[in-house]
Amino acid sequence: MPSSSSRLPRPPETVEHCPVDTALAVVRGRWKGTILWLLSERPMRTSELRRRIPRISERMLIRHLQELVGDGVLDRHDAGTVPPHVTYSVSEYGRTLEPVVRALCSWGGDHLDRKTAAR
């Protein structure tokens, strides 16, 4: 049984704003986890992210990047040149998500192994 310090906080009688849903809303999206995982290595340009995630559309990549920047999780660095040179990196605030992304990555790997073993 987990220790009391590792338990989730007790939910109130009524839940108007669930902190789990709030957190998931930031990373919700088919490719946001992948984007965060890739950018945890190093900053990347939009075109590099597009190459590293071949199944994502340009429109969806831009949308996810804009949302993550809007939530303060990513920083957008525009060199102000022609042609445009835009680089994305995980912000200082976004680094606070690293343990969450790491835990999701670990759980996801275990889950994939479990699904594979069940076949």
Side-chain angles (χ1 to χ4, degrees):
M1 178 156 196
S3 69
S4 61
S5 63
S6 65
R7 289 187 186 153
L8 295 173
R10 181 178 169 85
E13 290 298 317
T14 61
V15 178
E16 186 175 332
H17 300 288
C18 174
V20 174
D21 288 342
T22 301
L24 289 175
V26 173
V27 295
R28 186 175 295 140
R30 171 63 182 94
W31 303 105
K32 285 184 179 179
T34 304
I35 292 166
L36 288 169
W37 184 40
L38 290 171
L39 291 176
S40 70
E41 290 181 325
R42 61 183 170 76
M44 292 184 194
R45 294 182 67 182
T46 310
S47 58
E48 185 175 6
L49 285 165
R50 179 82 171 87
R51 280 192 304 276
R52 298 279 305 265
I53 314 170
R55 295 186 325 204
I56 193 171
S57 69
E58 186 79 18
R59 180 176 176 219
M60 186 57 67
L61 175 61
I62 298 302
R63 180 177 165 193
H64 282 338
L65 290 170
Q66 288 173 340
E67 289 173 359
L68 289 165
V69 168
D71 285 326
V73 175
L74 296 183
D75 286 329
R76 181 181 188 273
H77 311 277
D78 188 344
T81 60
V82 176
H85 183 102
V86 177
T87 305
Y88 291 90
S89 63
V90 178
S91 69
E92 186 176 332
Y93 178 63
R95 294 268 174 223
T96 64
L97 267 174
E98 283 182 359
V100 176
V101 173
R102 197 174 306 114
L104 285 170
C105 188
S106 176
W107 188 89
D110 292 345
H111 185 66
L112 283 172
D113 291 346
R114 183 175 186 254
K115 285 175 58 174
T116 302
R119 288 183 191 157

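Not measured: the values here are computed from a predicted model.
Grouping the Ile, Leu, Val, Met, Phe, Trp and Tyr side chains by contacts below 4.5 angstrom, directly or via other members, places Tyr93 apart from Val101. Both Val100 and Leu36 belong to a single network of hydrophobic side chains, linked directly or stepwise wherever heavy atoms of I, L, V, M, F, W or Y lie under 4.5 Å apart. Hydrophobic clustering of Ile, Leu, Val, Met, Phe, Trp and Tyr side chains at less than 4.5 Å, counting indirect connections, unites Val73 with Met60. Grouping the Ile, Leu, Val, Met, Phe, Trp and Tyr side chains by contacts below 4.5 angstrom, directly or via other members, places Trp37 apart from Leu61.
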Begin with the C-alpha distance, continue with both residues' side-chain angles, and end with the deciding distance and a verdict on side chain to side chain contact (heavy atoms under 4.5 Å, CB included) for Leu49 and Leu65.
CA-CA 10 Å; Leu49 285 165; Leu65 290 170; 4.0 Å; yes
Taking it one step at a time, do Lys115 and Asp113 satisfy salt bridge (Lys or Arg N to Asp or Glu O under 4.0 Å)?
CA-CA 6 Å; Lys115 285 175 58 174; Asp113 291 346; over 6 Å; no
Step by step, would you call Val69 with Tyr88 a side chain to side chain contact (heavy atoms under 4.5 Å, CB included)?
CA-CA 9 Å; Val69 168; Tyr88 291 90; 3.8 Å; yes
Where do Glu58 and Thr46 land on the side chain to side chain contact (heavy atoms under 4.5 Å, CB included) test, with the steps shown first?
CA-CA 9 Å; Glu58 186 79 18; Thr46 310; 4.1 Å; yes
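Here the closest heavy-atom approach between residue His64 and residue Arg30 is recorded as NE2-N, 3.8 Å. The two residues Leu39 and Val90 make their nearest non-hydrogen contact at O-CG2, 3.7 Å. The two residues His77 and Ser89 have their closest heavy-atom pair at NE2-OG, 2.8 Å.
In this structure, Glu98 pairs ionically with Arg95, as a charged nitrogen and a carboxylate oxygen lie closer than 4.0 Å. Contact check on Arg28 versus Glu67 returns no salt bridge, with no Lys/Arg side-chain nitrogen under 4.0 Å from an Asp/Glu carboxylate oxygen.
Summarising the local packing, CD of Glu92 is surrounded by 12 or fewer heavy atoms from other residues, nucleotides or ligands at distances under 6.0 Å. The 12-atom threshold is not exceeded at CZ of Arg63, counting heavy atoms of other residues, nucleotides or ligands nearer than 6.0 Å.
In this structure a side-chain-to-backbone donor-acceptor pair under 3.5 Å is present from Ser91 to Gly94. Without hydrogens or angle criteria, Thr22 side chain to Cys18 main chain gives a donor-acceptor distance under 3.5 Å. Between the side chain of Arg76 and the backbone N or O of Val86 there is no donor-acceptor pair closer than 3.5 Å.
Annotation: side chain of Trp31 is in contact with side chain of Arg55 (closest heavy-atom distance under 4.5 Å). A 4.5 Å side-chain heavy-atom check between Ile62 and Gln66 finds at least one atom pair inside the cut-off. Within the 4.5 Å cutoff, no side-chain heavy atoms of Met44 are placed close to those of Thr87.
With values rounded to the nearest 0.5 angstrom, Cys105 atom SG is found 9.5 Å from Asp110 atom CG.
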